[in-house]
Each structure stands twice: as structure tokens, then as C-alpha cells.
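One structure is given here, and the rest of the page talks about it.
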Amino acid sequence: MPKSYRHLWPQLVSFENLWLAYRAARKGKSSRPSVASYELDAEPRLLRLQERLEDGSYQPGRYRSFVVREWKRRRVSAAPFEDRIVHHALCNVLEPIWEARFIHDSYACRKGKGTLAALDRAQHFARGHAYLLSIDVREFFPSIDHGVLLETLSRHVGDRRVLELCATIIASGRDILAEEYTPVLFPGDDLFALARPRGLPIGNLTSQFWANVTLHPLDLFIKQELRCGAYVRYCDDLLCFADDKTTLHAWRDAVRERLAALRLTIHEQRAQVAPTAAPFPFLGWTITPQRRRLRRRNVVRFWRRYRARLAAYGRGEISSEQLKSTVAGWVGHTKHGSTIGLRRAVLRTLIPRPPNA
């Protein structure tokens with residue numbers, strides 16, 4: 001029997017935890033009007049929030065959604081500030097439980113992990129293996145099944161009130177990504193299965209955490225049952241490495257079947273077995289055992305943003321320091337790959353003078 005943690009509710013709703021959650025939610029956002037107004041009387045508001053959580057009257061507010069168009073269209077949703085405090089408070093309690101169980105090679109939205117560590121690990125495995133299997137989950141966030149997620153959470157969370165709060169937050173984002181989901185019937189389904197609650201809003205702290213919880217059973221399956229020692233996952237992007245194609249083709253079929261049990265599907269056309277000697281895409285880069293380069297679409301996206309910042313500087317709308325910070329941030333990102341020529345091209349770009357200079 002897996003260990004189940006009870007008596008978590010008092011820790012979750014304690015004023016100390018809510019205060020820590022408030023500070024985390026406020027970090028870097030104090031200039032926003034909703035955050036600034038909350039800050040004026042934060043303590044009494046947190047006490048009222050604590051009361052609503054305790055008496056069961058707390059309900060999440062309406063999300064504010066907007067579309068981001070990069071190389072693909074994404075709908076990002078922002079919860080009201082007070083709801084984000086609750087998200088942080090909940091994660092403060094649940095994350096330590098799951099961090100002790102997550103596999104080492106899961107890298108998204110975890111302390112001490114991140115994209116650079118995932119890239120390093122993928123390149124390390126590429127140097128030691130002849131082939132890789134690349135898989136990503138189709139329409140991942142819109143497809144996450146609420147029932148499956150809550151069942152996975154309940155394996156280690158035995159506190160009824162904490163699970164009820166999880167269910168409330170999960171249900172609050174049900175309809176946001178409905179239009180992004182392509183209906184799928186799994187073996188044994190009838191038409192009523194299409195009405196199952198599903199979907200997590202992109203942008204919530206809880207959504208990122210629950211994404212890792214959702215795929216945790218798959219991680220264990222790949223590591224323990226398939227015995228894949230060279231495996232990397234970043235959110236819904238998976239890489240498996242081996243020295244023969246036959247093994248990887250068999251793993252692809254097994255992963256497809258295990259994902260179906262989680263009511264998820266793979267991008268069939270992207271689930272490819274390829275030699276590690278050929279450049280393979282991962283997290284915005286193309287990787288070989290010797291080097292990694294930025295993918296073209298990421299370079300194009302930066303140039304578009306950079307030209308817009310140059311124009312804003314030319315109109316006097318931003319300072320030279322703000323412009324330099326744009327370049328410095330991008331250079332800091334790109335220096336982790338073979339990008340010397342690319343960085344030189346950026347730094348040679350002429351900066352126009354602001355008006356009346």
C-alpha cells in the first residue's frame with residue numbers, strides 16, 4: 001500500500017502558510033494593480049480567506065484568458081490574485097509529498113531542474129546511445145482527465161478536505177480549453193465518456209504541478225517496467241534512449257498503451273525512432289552528441305521581439321538599459337549552445353538613437 005498523508009488541512013490553512021503563499025504569489029508582481037490593492041490590507045484579507053477556506057465557502061474566481069501566438073497558438077489563463085495565493089498554499093503542502101516520489105529525470109517546474117538541466121541530460125544520454133525515441137502527448141493540458149488526476153492524487157493524499165479543494169480548483173478550469181480538445185474514445189468508452197471533465201488551464205502554478213502528477217505513473221512504467229535507464233521528460237516531451245531500434249519501437253507501443261490508461265494519446269507522426277548522431281529537436285534546440293543549436297523558429301521569434309524593442313527604443317518608450325536587458329537575457333539563454341556566430345550577429349545590430357537625443 002502506498003503511504004497516504006492525512007491531517008494536511010491544518011497546515012494548508014494556517015496563517016503562516018497563507019502568508020508564505022501570499023509572498024510567493026506577490027513576488028515580481030507588486031506593481032500590478034490587483035496585487036498592489038491587496039497589499040494595502042493583506043493581513044485582514046488573508047484572515048478572511050482563511051475563514052472561507054475553513055468554513056468551505058471559498059470558490060475560485062473567473063480566469064482572465066489571452067492567446068499567445070509563438071510558433072503555435074496557446075491560450076494562457078490567469079487566475080485572480082487571491083486564487084493564486086491558494087494555489088501556492090496548496091502546492092506548499094503537496095509538492096514535498098510528490099517530490100519524494102517523482103523520478104530524477106523529470107525536469108519541468110521543479111526546484112533544481114529546468115530546461116538547461118534537461119538539455120544537459122538529453123545530450124549526456126545521446127553520447128552513450130545509438131538511437132532515441134521522441135514522444136510528446138497530443139493536446140496535453142486540454143486532455144488531462146480530472147477523474148484520473150484526482151485518483152492519482154488520492155493515492156498519497158488521504159486528507160478529504162485537501163482533496164476537495166484540489167477538486168474545486170481543477171473543476172474551475174474545466175471549460176477554458178474545451179475548444180482546444182479533439183474528442184477521443186478509448187477502449188471500453190461509450191459516447192458519455194466524451195462528457196468527462198478534462199482540461200487544466202495553462203498558467204496556473206497548480207496546473208504545472210498536476211501535469212507532473214498526471215504523468216508520474218507513466219514515468220514509473222518507463223523506468224521500472226520497461227527498464228529504460230536513459231529517459232528524460234520535460235512536461236509532455238519524452239525522450240527514451242537505447243542501442244537498438246527494435247527495443248525503441250516496442251517501447252513506443254507500450255507507452256501508447258500506458259498513456260491510453262491515463263486517457264491520453266501521443267502525436268503519432270512525431271513519435272519517431274532516430275539515430276542520436278542526427279540532430280534531434282528538444283525544448284527549442286536541436287541536439288547532437290557534440291553540440292546543440294537553437295531551432296530556427298526560436299531565432300525568428302527573438303528577432304521579431306528584438307526589432308519591436310528597437311523600435312520602442314527609437315520612439316523613446318523604453319530606456320537603453322531595458323533594451324540591453326532584452327539582449328542580455330537572450331544571450332544568457334543562447335550561450336548554453338553552439339551560438340557564437342548568432343550572438344555576434346545580434347550584438348552587431350545598430351541601435352537607433354532615441355528622439356531628441
Side-chain angles (χ1 to χ4, degrees), residues 71 98-140 143 208 211-262 264-298 333-339:
W71 65 275
W98 287 90
E99 273 296 321
R101 287 158 177 78
F102 288 152
I103 66 167
H104 173 80
D105 284 314
S106 165
Y107 288 90
C109 304
R110 296 177 61 194
K111 293 176 182 176
K113 303 289 185 176
T115 55
L116 179 58
L119 289 165
D120 288 342
R121 191 67 162 165
Q123 194 165 32
H124 167 74
F125 286 142
R127 289 172 182 147
H129 298 82
Y131 298 98
L132 82 149
L133 167 65
S134 176
I135 291 177
D136 67 292
V137 181
R138 180 172 169 265
E139 298 171 0
F140 178 50
S143 300
Q208 306 298 325
N212 282 332
V213 171
T214 297
L215 291 180
H216 177 60
L218 177 67
D219 293 338
L220 296 181
F221 173 76
I222 291 173
K223 296 291 287 185
Q224 297 176 1
E225 297 190 39
L226 298 184
R227 297 189 179 278
C228 175
Y231 167 63
V232 180
R233 180 173 68 79
Y234 189 96
C235 195
D236 62 320
D237 289 322
L238 294 69
L239 297 178
C240 299
F241 297 83
D243 287 321
D244 65 282
K245 295 180 181 179
T246 303
T247 296
L248 290 172
H249 283 296
W251 286 354
R252 179 175 59 189
D253 295 340
V255 168
R256 182 191 296 112
E257 184 177 344
R258 187 66 184 87
L259 277 171
L262 300 174
L264 298 169
T265 57
I266 68 174
H267 274 287
E268 292 291 349
Q269 293 181 340
R270 301 180 193 171
Q272 300 295 325
V273 174
T276 54
F280 60 90
F282 189 51
L283 304 181
W285 296 77
T286 54
I287 301 175
T288 67
Q290 293 76 31
R291 61 178 59 86
R292 53 185 182 234
R293 299 182 185 277
L294 275 179
R295 297 188 72 178
R296 181 180 181 277
R297 68 189 183 202
N298 285 25
H333 171 65
T334 60
K335 72 180 182 180
H336 298 292
S338 304
T339 59

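Nothing here was measured: the structure is a model prediction, and the numbers come from that model.
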> Looking at CZ of F125 and SG of C240, how far apart are the two atoms once the value is rounded to the nearest 0.5 Å?
Replying inline: 10.0 Å
> So which heavy atom on A130 is nearest to which on D243, and how close?
Replying inline: N-OD1, 3.1 Å
> For Q123, what residues pass the side-chain hydrogen bond (donor to acceptor under 3.5 Å, both in side chains) criterion, not counting sequence neighbours?
Replying inline: R292
> Got a sec, which pairs hit side chain to side chain donor-acceptor pair (under 3.5 Å) with one end in residues 228-241, sequence neighbours left out?
Replying inline: S106-R233, N212-R233, D219-Y231, D219-R233
>> Holding to side-chain hydrogen bond (donor to acceptor under 3.5 Å, both in side chains), I want the full list of residues that pass it with D244, two or more places apart in sequence or in another chain.
In response: T247
>> Return the CH2 to CG distance between W251 and L238, rounded to the nearest 0.5 Å.
In response: 12.5 Å
>> How long is the straight-line distance from CD1 of I103 back to CD of Q224, given to the nearest 0.5 Å?
In response: 9.5 Å
> Are the side chain of T286 and the backbone of P279 linked by a donor-acceptor contact shorter than 3.5 Å?
Replying inline: no
>> How close do A122 and F241 get, counting heavy atoms only, and between which atoms?
In response: O-CZ, 3.6 Å
> Quick one: side-chain hydrogen bond (donor to acceptor under 3.5 Å, both in side chains) partners of R138, sequence neighbours excluded?
Replying inline: none
>> I need the L226 CG to L220 CG distance, nearest 0.5 Å.
In response: 11.5 Å
> Shortest non-hydrogen contact from C228 to K223?
Replying inline: O-CD, 3.4 Å
> What pairs meet the salt bridge (Lys or Arg N to Asp or Glu O under 4.0 Å) rule with one or both residues in residues 271-286, with sequence neighbours excluded?
Replying inline: none
>> Checking H124 now: which residues fulfil side-chain hydrogen bond (donor to acceptor under 3.5 Å, both in side chains) with it, not counting sequence neighbours?
In response: none
>> Which heavy atom of A118 sits nearest to which heavy atom of L283, and what is that distance?
In response: CB-CD1, 3.8 Å
> Are the side chain of S134 and the backbone of L239 linked by a donor-acceptor contact shorter than 3.5 Å?
Replying inline: no
> Which salt bridge (Lys or Arg N to Asp or Glu O under 4.0 Å) pairs, counting each pair once, include a residue from residues 246-262, with sequence neighbours left out?
Replying inline: D253-R256, R256-E268
> Which residue pairs pass the salt bridge (Lys or Arg N to Asp or Glu O under 4.0 Å) test with at least one member in residues 106-115, sequence neighbours excluded?
Replying inline: E99-R110
> In chain order, what residues pass the side chain to side chain contact (heavy atoms under 4.5 Å, CB included) check against P275, with sequence neighbours excluded?
Replying inline: Y131, A278
>> If the condition is ring-ring contact (aromatic ring centres under 6.0 Å, His included), which residues does F280 pass it with, not counting sequence neighbours?
In response: none
> Rounded to the nearest 0.5 Å, how far apart are CZ of R121 and CZ of F282?
Replying inline: 12.0 Å
> To the nearest 0.5 Å, how far apart are CG in L215 and SG in C235?
Replying inline: 7.5 Å
> Does any non-hydrogen side-chain atom of V273 lie less than 4.5 Å from one of L132?
Replying inline: no
> Who passes ring-ring contact (aromatic ring centres under 6.0 Å, His included) against F140, sequence neighbours left out?
Replying inline: none
> For H216, what residues pass the ring-ring contact (aromatic ring centres under 6.0 Å, His included) criterion, not counting sequence neighbours?
Replying inline: W98, F102
>> Quick one, I266 and L259 - any side-chain contact, counting heavy atoms below 4.5 Å?
In response: yes
> If you look at every heavy atom in R127 and P289, which pair is closest and at what distance?
Replying inline: NE-O, 2.7 Å
